[in-house]
K.L.:
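The structure's right below; bear with me while I get my questions together.
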Amino acid sequence: MEGLFYIFALGIIISGIMVISALNPIHSVFWLIVVFLGASALFILLGIDFIALIFLIVYVGAIAILFLFVIMMLNLTDLEGGGDMSNYIPIGSIIGVLLLFEVLIMGREATGYNYRDIDHECLRGGVNAWDASIEIIKSSNIEVLGRILYTDYYYLFIIASFILLVAMIGAIVLTHELGAELKRQDLFTQTSRSLWQ
């Protein structure tokens, strides 16, 4: 189990480096998809199945595909002249060191946390808080989050789906050129072709 963690973590780090070092923006998006897949695999190793599935659906299925659509709509090409990015090394190094210090500080604070405080808070809250925590522990992550999403916050879920629908229609409208001849498929020609042509 620990070996798998290190394999996925190393894969995420290498893929993240490839995201920022790839000169072709489409290749960069593909490496970003590999990062998202590795992160969802880490969540599965931690036993957080719902967050892993959300990572796959939202990040890989929506955001990465949105990046690809934007790149195709803007018709971006490779960087001119080999794309010297050495001038970005100083600011990237500063941001990397700051993030490393932040992770180390958060790790130190997390190790000093006393987990017995949770039991005392439940006892102070009475029997209802204890029963609620026991019920949550018995249920899986997907069941608890699904119960909350589709009962208490169902209207926000529906509004988010309408916003995504409007965004999808807007992207389709923006990609159509005005006055240009529309490309249409001829299904009969495609299906009647022989394999030897």
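Given the structure is predicted, the values throughout are model-derived calculations rather than measurements. Along the sequence shown, the residues carry numbers beginning at 1. Side chains are part of it too, since the values below use all heavy atoms of this structure and drop only hydrogens, waters and symmetry mates.
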K.L.:
Just verifying a value: how many Å separate Leu56 CG and Ile51 CD1, rounded to the nearest 0.5 Å?
P.N.:
11.5 Å
K.L.:
Are Ile63 and Phe50 co-members of a hydrophobic cluster defined by side-chain heavy atoms under 4.5 Å apart?
P.N.:
yes
K.L.:
If you compare all heavy atoms of Gly16 against all heavy atoms of Val35, which two are closest, and at what distance to 0.1 Å?
P.N.:
N-CG2, 3.5 Å
K.L.:
For Phe162, enumerate each residue passing the ring pair (Phe, Tyr, Trp, His ring centres under 6.0 Å) test, keeping only those at least two apart in sequence or located in another chain.
P.N.:
none
K.L.:
In terms of hydrophobic clustering (I, L, V, M, F, W, Y; side-chain heavy atoms under 4.5 Å; direct or indirect links), are Val58 and Phe157 co-clustered?
P.N.:
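Same cluster: Val58 reaches Phe157 through Ile, Leu, Val, Met, Phe, Trp or Tyr contacts under 4.5 Å.
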K.L.:
Would you indicate whether the side-chain heavy atoms of Val97 and Phe101 approach each other to under 4.5 Å?
P.N.:
yes
K.L.:
If I take atom CH2 from residue Trp31 and atom CD1 from residue Ile17, how far apart are they, to the nearest 0.5 angstrom?
P.N.:
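One finds 11.0 Å between CH2 of Trp31 and CD1 of Ile17.
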K.L.:
To the closest 0.5 Å, what do you measure between CG (Leu32) and OG (Ser15)?
P.N.:
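So the CG of Leu32 and the OG of Ser15 are separated by 9.5 Å.
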K.L.:
Answer yes if Tyr154 and Ile148 sit in the same cluster of Ile, Leu, Val, Met, Phe, Trp and Tyr residues linked by side chain heavy atoms under 4.5 Å apart, and no otherwise.
P.N.:
yes
K.L.:
Is it possible for you to say whether Tyr6 and Ile12 belong to one hydrophobic cluster, with membership spreading through side-chain heavy-atom contacts below 4.5 Å?
P.N.:
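Yes.
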K.L.:
Using 0.5 Å steps for rounding, measure from the CD1 atom of Ile33 to the CD1 atom of Ile65.
P.N.:
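The CD1 atom of Ile33 sits 5.0 Å away from the CD1 atom of Ile65.
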K.L.:
Quick one: are Ile14 and Leu10 in side-chain contact, heavy atoms under 4.5 Å?
P.N.:
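When only atoms from C-beta onward are counted, Leu10 and Ile14 do touch, with a gap below 4.5 Å.
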K.L.:
Quick one: pull up CZ in Phe5 and CD in Glu2 and give me the separation to the nearest 0.5 Å.
P.N.:
8.5 Å
K.L.:
Hey, does the side chain of Ser28 reach the backbone of Ala22 with a donor-acceptor pair shorter than 3.5 angstrom?
P.N.:
no
K.L.:
I'd like to know whether the aromatic ring centres of Tyr59 and Phe55 sit less than 6.0 Å apart in this structure.
P.N.:
yes
K.L.:
Between side-chain atoms of residues 40-47 and protein atoms elsewhere (two or more places apart, or another chain), which donor-acceptor pairs fall under 3.5 Å?
P.N.:
unit_1, atom_1, unit_2, atom_2, d
Ser40, OG, Phe36, O, 3.4
Ser40, OG, Leu37, O, 2.8

K.L.:
Quick check for you: to the nearest 0.5 Å, what is the distance between Tyr150 atom OH and Ile158 atom CD1?
P.N.:
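Going from OH on Tyr150 over to CD1 on Ile158, the span is 10.5 Å.
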